[in-house]
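Structure first, then comments.
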Amino acid sequence: MATLRDTFHVNVEIPHPSPRERFYRRERASVPAARSFAREALADWGVRERAYDVVLCVSEIATNALVHGVPPGRGFLLRLLPLPYDGGVRVEVHDSGDGVPAVPQADVREPGEGGRGLLLVSELADKWGVGERDPGKFVWCEFAGSRPSSPGELGGPGGPTDDFVPLRESYL
């Protein structure tokens with residue numbers, strides 16, 4: 001006699017979405033292309049929760065890289081990584097420019113065109129930061145997915161820490 005339990009495969013490996021990355025040249029069309037690439041990756045991974053926030057942050061960080069971080073004749077790398085422990089997403093934008101981006105300290109109600117991108121990122125993302133690379137830097141942000149509910153599961157108490165471990169790869 002077969003039971004419902006007998007029909008499930010116990011040792012079946014559940015595929016995990018692969019990271020995605022794409023290099024963009026220093027041109028105006030790169031930011032909309034980066035947004036489109038991010039939307040496509042999120043849809044392929046089945047990420048619906050906070051997808052709009054992720055795409056907006058991709059747009060803001062890519063714009064900052066293009067305007068402030070990419071020297072003439074260079075480009076930037078957009079890397080999207082699914083977080084295995086909670087179904088979330090990590091965004092990284094690598095560029096070869098100098099300087100360390102920071103959230104502006106000035107009053108954001110002041111008139112002006114720029115200076116609010118990282119403020120948006122800091123409000124929308126669960127975590128964000130800047131890592132060093134040679135040459136340049138990368139700006140990253142993370143968006144948590146649905147967290148496991150029982151203690152001790154991966155991502156819960158006793159799971160991975162919130163400490164950031166920078167990736168030391170050179171692409172640009």
Problem set entry | Worked verdict on Asp53 versus Phe143 for side-chain contact (heavy atoms from CB on, under 4.5 Å) | CA-CA 9 Å; Asp53 292 347; Phe143 299 84; 3.9 Å; yes

For this session: Using salt bridge (charged side-chain N to carboxylate O under 4.0 Å, His left out) as the criterion, list what pairs up with Arg25, not counting sequence neighbours.
Result: Glu27

Atom pair [atom1]/[atom2] of [X] and [Y] - distance to nearest 0.5 Å:
X: Glu92; Y: Arg133; atom1: CD; atom2: CZ; result: 10.0 Å
X: His94; Y: Trp140; atom1: NE2; atom2: CH2; result: 12.0 Å
X: Ile61; Y: Leu66; atom1: CD1; atom2: CG; result: 13.5 Å
X: Leu118; Y: Asn64; atom1: CG; atom2: CG; result: 5.0 Å
X: Arg74; Y: Phe23; atom1: CZ; atom2: CZ; result: 8.0 Å
X: Ser18; Y: Leu81; atom1: OG; atom2: CG; result: 10.5 Å

Answer yes or no: is there a donor N or O on one side and an acceptor on the other, between the side chain of [X] and the main chain of [Y], under 3.5 Å?
X: Arg26; Y: Gly73; answer: no
X: Thr63; Y: Ser59; answer: yes
X: Arg50; Y: Leu124; answer: yes

Identify the heavy atoms of [X] and [Y] that sit nearest to each other, and give their distance.
X: Gly97; Y: Pro71; value: N-CD, 4.1 Å
X: Ala29; Y: Pro32; value: O-CD, 3.3 Å
X: Val55; Y: Ala38; value: CG2-CB, 4.4 Å
X: Pro17; Y: Pro82; value: O-CG, 3.1 Å
X: Val139; Y: Pro101; value: CG2-CG, 3.6 Å
X: Asp95; Y: Ala65; value: OD2-CB, 3.8 Å

For this session: Given side-chain contact (heavy atoms from CB on, under 4.5 Å), test Leu77 with Glu21 step by step and report yes or no.
Result: CA-CA 7 Å; Leu77 177 75; Glu21 60 184 44; 4.1 Å; yes

Electrostatic pair [X]-[Y], nearest N-O below 4.0 angstrom:
X: Asp44; Y: Arg20; answer: yes
X: Lys137; Y: Glu132; answer: no
X: Arg90; Y: Asp126; answer: no

For this session: Check the pair Val47 / Val89 against side-chain contact (heavy atoms from CB on, under 4.5 Å), numbers first and verdict last.
Result: CA-CA 9 Å; Val47 174; Val89 176; 4.1 Å; yes

Exercise. Taking only residues two or more places apart in sequence or in another chain, which ones pass side chain to side chain contact (heavy atoms under 4.5 Å, CB included) with Ser122?
Worked result: Val103, Leu119, Trp128

For this session: Apply the test side-chain contact (heavy atoms from CB on, under 4.5 Å) to residues Val121 and Val91: give CA-CA distance (whole Å), side-chain angles for both, the deciding distance (0.1 Å), then the verdict.
Result: CA-CA 11 Å; Val121 171; Val91 173; over 6 Å; no

Exercise. Linking I/L/V/M/F/W/Y whenever their side-chain heavy atoms sit closer than 4.5 Å, directly or via other members, would Val130 and Leu120 fall into one cluster?
Worked result: no

Problem set entry | Non-hydrogen side-chain atoms of Trp45 and Leu42 separated by less than 4.5 Å | yes

Exercise. According to the interplanar angle, ranging from 0 to 90°, do the rings of Phe37 and Tyr24 count as parallel (below 30°), tilted (30 to 60°) or perpendicular (above 60°)?
Worked result: perpendicular

